Amino acid sequence: MFEFSYSVDEEEQEYSAKRRLTMEVASEATIAEVLEAFQDFLAGAGYVIDPVNQKIMVVTSESGAF
């Protein structure tokens, strides 16, 4: 199982009702499913992801990232 966890810093808690966000993803999930879950996790933690220009994706050495 994969687990993503986010906790709001104590000094920021007075500005947010959020305290902690935890998401669990099945270990048999595909890479695409894990990436989709991680995007959902980031959105839940307050990050804005533009699906057109900033989509999270797998990058391999064949695509020139390394």
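Heads up: numbering here begins at 1 and tracks the sequence. Quick caveat, the model's predicted, so the values are computed rather than measured. Values below: all heavy atoms of this structure, side chains included; hydrogens, waters and symmetry mates excluded.
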Q. Can you tell me if CD on Glu10 sees more than 12 non-hydrogen neighbours from other groups inside 6.0 Å?
A. no
Q. What residues form a side-chain contact (heavy atoms from CB on, under 4.5 Å) with Ala43, not counting sequence neighbours?
A. none
Q) For the residue pair Arg20 and Thr22, what are the closest heavy atoms and their distance? A) NE-OG1, 3.5 Å
Q: Give, for atom CZ of Arg19 and atom CG of Leu21, the distance between the pair rounded to the nearest 0.5 Å.
A: 13.5 Å
Q. What are the two closest heavy atoms between Ala37 and Met23, and how far apart are they?
A. O-SD, 3.2 Å
Q: Applying ring pair (Phe, Tyr, Trp, His ring centres under 6.0 Å), name anything that partners Phe4, two or more places apart in sequence or on another chain.
A: Phe38, Phe41
Q. Can you name the nearest heavy-atom pair linking Ala26 to Phe2, along with the distance?
A. O-CD1, 3.8 Å
Q | Asp9 backbone acceptor or donor facing Glu12 side chain under 3.5 Å | A | no
Q. In Å and rounded to the nearest 0.5 Å, what is the OG to CD distance from Ser7 to Gln13?
A. 8.5 Å
